[in-house]
Amino acid sequence: MAKPKLVVIAGPTASGKSDLALDLCEAIGGEIISADSMQIYRGMDIGTAKTPPGDRRGIPHHMIDVADPRCPFSVAMYQTSARAAVCEILSRGKTPVVAGGTGLYIDALLYPMDFGRVTGDPTARARWETYLAEKGAGALHGELARIDAESARRLHANDTRRVIRALEVAERGDGGLSETRIDYRAASLYNCAYFVLDRPREELYALIRERVRRMMASGLLTEVQALLGAGVAPGAQSMQGLGYKELCAHILHGERLDACVELIQQRTRNYAKRQLTYFRRENAAMWLSAGSSGDTQAASPPVFEKLLTILHAKSFIS
RNA sequence: GCCUGGGUAGCUCAGUCGGUAGAGCAGUAGACUGAAAAUCUACGUGUCGGUGGUUCAAUUCCGCCCCUAGGCA
């Protein structure tokens with residue numbers, strides 16, 4: 001049985017993924033599956049740059065607005081729902097087009113990653129958190145070394161977040177994280193065409209500056225206030241999103257607004273860089289370079305042609 | 001005009017009781033299996049404002065000059 005065809009459009013924030021994906025969906029009869037850890041949440045529209053419903057050109061979008069910003073969400077949940085969405089789209093005879101910048105989510109969808117049965121447990125987490133505060137990162141890492149030596153070797157002692165996760169899994173006697181690890185990238189579940197949309201650094205950074213400016217002009221501050229008003233805790237996972245945590249600092253702690261906006265721009269640049277690092281190791285990825293031609297606007301004309309050519313060559317389309 | 005702080009890495013600053021200097025942030029590269037827009041790792045030569053002097057040796061002490069913040073006029 002042949003693997004189902006699926007297209008991935010990845011890339012750093014503000015690179016123009018969403019528009020490109022929409023163009024593609026129109027051309028080949030596709031539906032969009034968002035791979036974005038923040039667009040998941042309802043009520044977080046401006047700061048996550050969701051394509052407004054009015055601009056979706058009648059193309060169905062999946063994995064957007066599927067979670068409550070007051071509750072935690074996880075890759076594992078994403079994996080389950082996104083795969084269901086793929087099946088649904090395929091059953092309609094359409095092509096799934098995965099678009100987004102969260103590399104881990106894309107991987108979770110595409111590859112046979114096994115997140116195990118151990119759910120993130122707030123109680124255990126809090127317990128280790130306390131342990132960390134009292135005894136330090138070294139001791140925490142030592143605990144892990146005792147029950148799951150291999151994970152301990154893999155993880156840097158300062159990466160306490162991962163160390164705590166490994167401890168959670170290990171102490172539930174599931175064999176530990178290390179036993180479920182495989183070289184997942186070797187075996188995609190789909191016949192996929194994986195694209196990374198790329199542009200010259202300076203141009204990308206300029207687009208980011210501009211996008212943040214536009215978000216502020218469109219009422220990002222009001223959006224954050226509304227979320228806080230609706231009972232989203234400032235420490236909630238959703239509030240760790242870029243733009244949200246910085247504006248919380250302004251609203252709750254009186255940080256200067258212009259300083260916060262600059263911080264958002266800077267951290268978004270940092271983020272874009274990390275995204276590129278992540279995608280670089282995706283062996284299957286085909287890089288599409290856009291821009292640098294002077295027009296900051298549309299990546300679409302030239303890049304879109306390239307995209308279609310490749311899809312033809314892979315006989316995704318006839 | 002006078003007085004007092006400052007002028008050191010792209011930015012904020014530490015430091016050298018005289019032996020040519022180092023943190024944070026930024027930046028770059030990397031990692032990443034239920035928090036991933038998160039979390040973590042590695043990478044630090046710059047006329048130490050200019051110019052004279054003292055000294056074996058000055059970014060460090062002294063003189064003058066320039067710039068800057070504040071105070072007094």
J.: Under 4.0 Å from OP1 or OP2 of B:rU41: is there any side-chain N or O of A:Asn158 that close?
T.: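 A:Asn158 to B:rU41 OP1/OP2: side-chain N or O found under 4.0 Å.
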J.: Rounding to an integer number of Å, can you tell me how far A:Tyr271 OH sits from B:rC40 C1'?
T.: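 In whole Å, B:rC40 C1' and A:Tyr271 OH are 16 Å from each other.
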J.: Testing the basics here: between A:Pro69 and A:Leu227, what is the closest heavy-atom pair and its distance to 0.1 Å?
T.: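 That would be CG-CD2, 4.1 Å.
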J.: Counting the atoms with a prime plus P, OP1 and OP2 as sugar-phosphate, which does A:Thr268 contact under 4.0 Å by heavy atoms, base, sugar-phosphate, or nothing?
T.: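 The answer is nothing, as A:Thr268 stays clear of every strand by at least 4.0 Å.
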J.: Using whole Å, what does the distance between atom P of nucleotide B:rA36 and atom CZ of A:Phe73 come to?
T.: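 Rounded to whole Å, this separation is 9 Å.
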J.: Within the pair A:Arg154 and B:rU33, is there a side-chain N or O less than 4.0 Å away from OP1 or OP2?
T.: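 It does, given that an N or O in the side chain of A:Arg154 lies less than 4.0 Å from OP1 or OP2 of B:rU33.
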J.: Side-chain N or O of A:Gln240 less than 4.0 angstrom from OP1 or OP2 on B:rU39?
T.: no
J.: Considering only atom P, compute the distance from B:rC48 to B:rG22 and round it to an integer number of Å.
T.: 14 Å
J.: With the threshold set at 4.0 Å, does a side-chain nitrogen-carboxylate oxygen contact exist between A:Arg92 and A:Glu31?
T.: yes
J.: Tell me the interatomic distance from A:Leu110, atom CG, to B:rU33, atom C1', rounded to whole angstroms.
T.: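 Those two atoms, CG and C1', are 15 Å apart.
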J.: Whole angstroms only, please: what is the CG-P distance between A:Leu144 and B:rU33?
T.: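 Taking CG of A:Leu144 and P of B:rU33, I get 12 Å after rounding.
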J.: Could you measure between the two C1' atoms, the one in B:rG10 and the one in B:rC72, and give it in whole Å?
T.: 37 Å
J.: Polar-atom pairs under 3.5 Å, protein N or O versus N or O of nucleotides 26-30 of chain B: list them with distances, or write none.
T.:
unit_1	atom_1	unit_2	atom_2	d
B:rG27	OP1	A:Asn270	ND2	3.2
B:rG27	OP2	A:Asn270	ND2	2.4
B:rU28	OP1	A:Arg201	NH1	3.1
B:rU28	OP1	A:Tyr205	OH	3.4
B:rA29	OP2	A:Arg201	NH1	3.4
B:rA29	OP2	A:Lys273	NZ	2.9
B:rA29	N7	A:Lys273	NZ	3.1
B:rG30	OP2	A:Arg280	NH1	2.3

J.: Less than 4.0 angstrom between a side-chain N/O of A:Arg165 and OP1 or OP2 of B:rU33, yes or no?
T.: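 No, outside the criterion.
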J.: Give every residue pair that meets the side-chain hydrogen bond (donor to acceptor under 3.5 Å, both in side chains) criterion with at least one member in residues 238-252 of chain A, sequence neighbours excluded.
T.: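 Those involving residues 238-252 of chain A are A:Glu223-A:Tyr244, A:Glu246-A:Arg267.
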J.: Roughly how many Å is it from CG in A:Asp107 to P in B:rA31, rounded to a whole number?
T.: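 Taking atom P of B:rA31 as the reference, CG of A:Asp107 is at 13 Å.
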J.: Categorize A:Glu129 for me: base, sugar-phosphate, or nothing, with a 4.0 angstrom heavy-atom threshold over every strand shown.
T.: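 Base, at least one base heavy atom under 4.0 Å.
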J.: Counting side-chain heavy atoms from CB outward, which of B:rA36, B:rU39, B:rG34 is closest to A:Tyr105?
T.: B:rA36
J.: Output every pair passing side-chain hydrogen bond (donor to acceptor under 3.5 Å, both in side chains) with a member in residues 45-58 of chain A, not counting sequence neighbours, ordered by first then second residue.
T.: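 Applying side-chain hydrogen bond (donor to acceptor under 3.5 Å, both in side chains) to every pair that reaches into residues 45-58 of chain A, excluding sequence neighbours, yields A:Asp23-A:Arg57, A:Glu26-A:Arg57, A:Asp45-A:Lys50, A:Lys50-A:Asp65.
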J.: Excluding sequence neighbours, so at least two apart, what forms salt bridge (Lys or Arg N to Asp or Glu O under 4.0 Å) with A:Asp198?
T.: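 Residues passing salt bridge (Lys or Arg N to Asp or Glu O under 4.0 Å) with A:Asp198: none at all.
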J.: Looking at RNA chain B, which of residues 6-14 of chain A put a heavy atom within less than 4.0 Å of it?
T.: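 Within residues 6-14 of chain A, no residue comes under 4.0 Å of RNA chain B.
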J.: With A:Arg125, which residues qualify under salt bridge (Lys or Arg N to Asp or Glu O under 4.0 Å), at least two apart?
T.: A:Glu168
J.: Using a strict threshold of under 4.0 Å (side-chain N to carboxylate O), is an ion pair present between A:Glu150 and A:Arg153?
T.: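 The answer is no: the pair does not qualify as a salt bridge.
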J.: Rounding to an integer number of Å, can you tell me how far A:Leu104 CG sits from B:rA36 P?
T.: 8 Å
J.: For A:Gly103, report the nucleic acid contact type (base, sugar-phosphate, nothing); a contact means any heavy atom under 4.0 Å.
T.: nothing
J.: Does a side-chain N or O of A:Arg117 approach OP1 or OP2 of B:rG34 to a distance below 4.0 Å, or not?
T.: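 For B:rG34, neither OP1 nor OP2 has a side-chain N or O of A:Arg117 closer than 4.0 Å.
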J.: If you measure from the P atom in B:rG53 to the same atom in B:rA57, how many Å do you get, rounded?
T.: 11 Å
J.: Hydrogens and angles aside, do A:Glu171 and A:Trp128 bring a side-chain donor and acceptor to less than 3.5 Å of each other?
T.: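 Yes, because at least one side-chain N or O of A:Glu171 sits under 3.5 Å from a partner of the opposite role on A:Trp128.
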J.: Taking only heavy atoms on the protein side, list every residue of residues 217-236 of chain A lying under 4.0 Å from any atom of RNA chain B, sorted numerically.
T.: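 Close to the strand, none.
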J.: Going by the side-chain hydrogen bond (donor to acceptor under 3.5 Å, both in side chains) test, which pairs reach into residues 93-106 of chain A, not counting sequence neighbours?
T.: none
J.: Need one value for A:Thr119: base, sugar-phosphate or nothing, where a base atom within 4.0 Å counts as base even if backbone is also close, heavy atoms only.
T.: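 Contact class for A:Thr119: base.
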J.: Can you check the A:Asp159 CG to B:rU33 C1' distance for me, whole Å?
T.: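 In whole Å, B:rU33 C1' and A:Asp159 CG are 13 Å from each other.
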J.: Any chance you could pull the hydrophobic cluster mates of A:Ile64, using side-chain heavy atoms under 4.5 angstrom and chaining through other members?
T.: none
J.: Roughly how far apart, to the nearest Å, are B:rU4 and B:rC40 at atom C1'?
T.: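 Each nucleotide's C1' atom is 46 Å from the other's.
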J.: Using the P atom as the point on both nucleotides, what is the distance between B:rG46 and B:rU8, in whole Å?
T.: 15 Å
J.: Would you please name every residue forming a salt bridge (Lys or Arg N to Asp or Glu O under 4.0 Å) with A:Arg274, sequence neighbours left out?
T.: none
J.: For A:Arg256, does the CZ atom have more than 12 heavy-atom neighbours from other residues, nucleotides or ligands under 6.0 Å away?
T.: no
J.: Between A:Ser74 and A:Gln275, name the one whose nearest nucleotide on RNA chain B is closer to the 5' end.
T.: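 The residue whose closest nucleotide sits nearer the 5' end is A:Ser74.
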J.: Can you check the distance between B:rC11 and B:rU20, where both ends of the measurement are the P atom (answer in whole Å)?
T.: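 Each nucleotide's P atom is 25 Å from the other's.
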J.: With sequence neighbours left out, what residues match A:Arg209 under salt bridge (Lys or Arg N to Asp or Glu O under 4.0 Å)?
T.: none
J.: How far does the P atom of B:rA14 sit from the matching atom of B:rG7, given to the nearest Å?
T.: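 Pairwise P distance, B:rA14 against B:rG7, rounds to 7 Å.
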J.: Quick one: closest heavy-atom pair of A:Asn158 and A:Ala137, and the distance?
T.: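 Heavy atoms only, the tightest pair is OD1-CB, 4.1 Å.
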J.: Could you give the distance separating B:rU41 and B:rG49 at their P atoms, to the nearest angstrom?
T.: 33 Å
J.: Going hydrophobic residue to hydrophobic residue with side-chain gaps under 4.5 angstrom, can you get from A:Val232 over to A:Ile40?
T.: yes
J.: Could you go through A:Phe316 and A:Ile310, starting from their C-alpha distance and side-chain angles, then the distance that decides it, and tell me whether this counts as side-chain contact (heavy atoms from CB on, under 4.5 Å)?
T.: CA-CA 9 Å; A:Phe316 263 58; A:Ile310 295 171; over 6 Å; no
J.: Could you check whether A:Tyr78 gets within reach of a base, just the sugar-phosphate, or nothing at all, counting any heavy atom under 4.0 Å?
T.: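 Since no nucleic acid heavy atom lies under 4.0 Å of A:Tyr78, the category is nothing.
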J.: For RNA chain B, what are the stems built from at least three Watson-Crick or G-U pairs in a row, each pair having both distances below 3.5 Å?
T.: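 Ordered by first number, the stems with RNA chain B (at least 3 consecutive pairs each) read B:1-7 with B:66-72, B:10-13 with B:22-25, B:27-31 with B:39-43, B:49-53 with B:61-65.
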J.: Rounded to whole Å, how long is the line connecting atom NE2 of A:His156 with atom C1' of B:rA31?
T.: 11 Å
